[in-house]
Every structure is written in C-alpha cells, then in structure tokens.
Amino acid sequence: MTPESDDSAPGPVSGDEVPRTSPLEVLAQIGDLDVRLDQIIHHVRNLPEREIRAAIEAELGVLASEAKVLDAQIADLERQQRKHEDEVARIEAKRAHNSERLYGSHLTSPKEAEALTAEADALGRHQTDIEDQILELMEELEPLTDARADLAQRQSSAAGRMATVDAAIGAAESEAGGERDEVLDERAALVASADPALVSIYEDRLAAARGTPVLGRLIGLTCSACHLEIPSVDYERITNLDPDELAECPHCGALLVR
Ligand SMILES: [Zn+2]
C-alpha cells in the first residue's frame, strides 16, 4: 500500500491498482440499467402476442354472440317440437281409450260405435297433421344444430389458440421478470457503491423528467442524450471542471458524464 493510495481523491492511479470508477460514471451505469428496465417493461407491454390475443378475444366475442342467437332459435324450435310431441302423446292416449271402448264390451248402441269411429278418424288425422309439423320443425332444426356444432368447433379452436398465446405471454412475462430482477440486483449494488447525494439528484431529476433524458455521456463534443454538439466554449468549461462536479448539457439539460 503506497501512502498516496487513500480514497479521498481519484488522483492518478499507480501500478496495477484497479482504477476507481468516478461517481458520475457509477451514476451513468445506473442510468444505463434504468434504460434497460424501461426496455424490459416496454417489451413486455408490447409483446406481439398481445395483439394476437386481442384479435382472438374479439373473435370469441363474435362467436359467442352468434352462438347466443343460434341457441335461442334452437331452443324455440325444440320448445315447439316438445309441445307437439306432448300433443301427440295426448292424442295417442285418447285413441287408445277410444279403441278400448270400441272393442270392449261397454258399447250400448251402434250409434255410440259410429261416433267413436268418427272421433278415432278425426284424432288420427289430427295426429298426422301434428306429426307432419314435427317433421317440418326437425327439418328446420337440422341446419341450425349443424351450424351450432360448427360454431362450437370454431369456439374450441379459438380457445385453444388463446391458451397457446396466453402460455407464450406468460413465458415472456416470466422471462422478463427474471431479467428485471437481475437488473434490479445489479442496480442495487451500484446504488450501494454510489454517492448517495448524486443518486438522489439523479432520481429527483428522473421523477421530474417524464421521459426526457436525465443523463448523457460526453462523447467527443457530442451529448449522447440529445446527440447535439456542445459549443466549444461550453465544452472547454465542462472538461475543465473537477471530475466530480456536475455539468449539464446546454441543449437538453442532461447531466453530462465525462
Ligand atoms: Zn444533450
């Protein structure tokens, strides 16, 4: 250990000692990590799968409305069919009762037999009419139930695609979450090694910035935040400042790391 290797000033580095990172450089590294955090959030929010998911959701909505209309039509026809079938059952019961009387031993006159026969004929015709109506209803129902089955298949296919997209979104979110945690750990380590006053200035500026750059590196004469060249008189002044002293880009106001 040499006498001049204290940590009160950056000073010239001697031998193979690791150079001390300047406080502004630590801040710039924190700034780079914050940019990465923003990129991770932006990436997760704008996954292409989200658009696909929204399209499938809309498709499922349309299919559900179509299904609702079809289900109502089918239910209505089935209700009519059941009503007719009940009617047929009632007629059949009546016809059975009639023939029991007609062929049983309770008849009192030929006139009664005639009346019963006439009624049986009328009941038979009525039953045929209703059975024809049932057949018509069934014919009407068939294309609707076919369409409903087709719709159910399309719903199931869309639901399957939705599950695939959801799984992809879940995987991307979990991957981004892992990446974010790594960056946050790295950031916390940097913050722990940084000058707290500088970090606090940076974070205050970041909170007030609303998307405008807070930090920029001086690369040659250019500010990396706004990509504008700094006038040579400002450049002279800034580069002659003490390395820990803060300087702003005269164009965008970003703290300049140099
Ligand atoms: Zn600038």
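None of the values given here were measured: they were computed from a predicted structure. Quick note: residue numbers are just sequence positions, from 1. Indexing begins at 1, ligand by ligand and atom by atom, following the structure's order.
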Quiz: residues 246-258 side-chain donor-acceptor pairs under 3.5 angstrom, not counting sequence neighbours:
residue, atom, partner, partner atom, Å
Glu248, OE2, Arg205, NH1, 3.1
Glu248, OE2, Arg205, NH2, 2.3
His251, NE2, Glu229, O, 2.8
Arg258, NH1, Glu245, O, 2.9
Arg258, NH1, Leu256, O, 3.3
Arg258, NH2, Asp242, O, 3.2
Arg258, NH2, Glu245, O, 2.7

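- Here the closest non-hydrogen pair linking Asn98 and Ala120 is ND2-N, 4.1 Å.
- Partners of Asp195 by salt bridge (Lys or Arg N to Asp or Glu O under 4.0 Å), not counting sequence neighbours: none found.
- Within 6.0 Å of CD in Glu92 there are more than 12 heavy atoms belonging to other residues, nucleotides or ligands.
- Protein N/O/S atoms nearer than 2.8 Å to the Zn ion (ligand 1) total 4.
- The salt bridge (Lys or Arg N to Asp or Glu O under 4.0 Å) test applied to Glu119 returns Lys94, not counting sequence neighbours.
- Of the listed residues (Arg50, Arg180, Arg45), just one forms a salt bridge (charged side-chain N to carboxylate O under 4.0 Å, His left out) with Glu173, and that residue is Arg50.
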